[in-house]
> 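Can you read through this structure? Questions will come right after.
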There are 2 protein chains.
Amino acid sequence: MADTQMLPPEQQICFALYSASRSMTGRYRTLLAPLGITYPQYLAMLVLWETGSSTVSQLGDRLQLDSGTLSPLLKRLEALGLVTRGRSARDERVVEITLTPAGSDMRRYAPHIAEQICAATGLPMNELVELQSQIAALAQRVRELT
Amino acid sequence: MADTQMLPPEQQICFALYSASRSMTGRYRTLLAPLGITYPQYLAMLVLWETGSSTVSQLGDRLQLDSGTLSPLLKRLEALGLVTRGRSARDERVVEITLTPAGSDMRRYAPHIAEQICAATGLPMNELVELQSQIAALAQRVRELT
DNA sequence: TGAATTTAGGTTGCGCACAACTAAATCGTG
DNA sequence: CACGATTTAGTTGTGCGCAACCTAAATTCA
């Protein structure tokens, strides 16, 4: 267990993740500015483009976010006219988030954004996929420590 | 450029980084709770344990954070009695952040924390180092796109 | 030397994250 | 069926991140 002792932040895995995540989010900030949404809002849109409609807790499961984050975020997407929020008839506890036509239309910009992001990494697609899966596996292992 | 088109968030590199970063920070939250500091505060302490004393902009360069984040963060560390803040005599624009004895003492807990974090990744040290350097390189490439 | 520029740090405002808490609806068991 | 436990969202409060803006001090250089 040689020298985990006092590594500088630059050589620690968590700082690499923290720093890389913020760098990538900054890239998204530029790309998403014309759409008027933030990166976490874009993540919610990605799920909705796939499902058409989701409950708050389904979005929370997909994005690993709780209602304290999602409730105000989804209200902002509603204020932008991209989604509607409404209580389920079957179960009044549940809030269904549904894309509006404007929200669906926005999907047209997604391919261009994804392409720009991949280019920004400077990695070929096969390496990108490999790195992605390693990081996702790491996240899951850490998350599952309760 | 096969299918960057509409991948779900779970298969995108940025979401992996974002999710992994939050998982790891959550782990640090548990480990740092006894010390009463947050992960970003811990990062500042790591730099100060190495240097003894730094200016705000030096900390900003190391951690890639601006004064809008660091100024209030450092005031909180000062309120906790871990650092002192004072204008440089040579250059009145510069604020020097210096460890207090209590701040230096806290260094004793660092090895245990680093060990717990490495264990939480579930990776052997050589793989951890390899992954860290790939992610750090990615972050730097993205950051350097201006 | 004195005006323009640069640099260092701080403030404000907004949007996450997350803990802790609340209210309402539903479920499960006796 | 009753009633306690669980589930679902929302609210509040704190601490980041970051853009935009501000002030003061130092530097440049005409």
> Verify side-chain hydrogen bond (donor to acceptor under 3.5 Å, both in side chains) between A/S19 and B/R143, making sure each step is shown before the conclusion.
CA-CA 9 Å; A/S19 180; B/R143 206 180 311 123; 3.1 Å; yes

> Which parts of nucleotides 13-20 of chain D does protein reach within less than 4.0 Å, heavy atoms only, written one letter per nucleotide 5' to 3' as B for base, S for sugar-phosphate only and - for none?
--SSBBS-

> Are any of the side-chain nitrogens in B/R87 or B/E96 under 4.0 Å away from the carboxylate oxygens of its partner?
no

> Is A/E78 salt-bridged to A/R85, cutoff N-O under 4.0 Å?
yes

> Give me the first and last nucleotide of DNA chain C, going 5' to 3', that has any atom under 4.0 Å from a heavy atom of chain A.
C/dG15 to C/dT26

> Check whether any side-chain heavy atom of A/V95 lies under 4.5 Å from a side-chain heavy atom of A/T55, and answer yes or no.
no

> Taking atom types as modelled and ignoring hydrogens, do the side chains of B/R62 and B/T51 form a donor-acceptor contact shorter than 3.5 angstrom?
no

> Which ones in residues 78-97 of chain A lie close to DNA chain D, meaning a heavy atom under 4.0 Å from one of its atoms?
A/R85, A/R87, A/R93, A/V94, A/V95

> Which heavy-atom pair separates A/L31 from A/I113 by the least distance, and what is that distance?
CD1-O, 4.0 Å

> Looking at every heavy atom in both B/L128 and B/C118, which two are closest together, and how far apart are they?
CD2-SG, 3.8 Å

> Checking B/S23 against A/R141: is there a side-chain donor and acceptor pair closer than 3.5 Å?
no

> Side-chain contact, heavy-atom cut-off 4.5 Å: B/L138 with B/L17?
yes

> Do any N or O atoms from the side chain of A/Q41 and from the backbone of A/T38 form a donor-acceptor pair under 3.5 angstrom?
yes

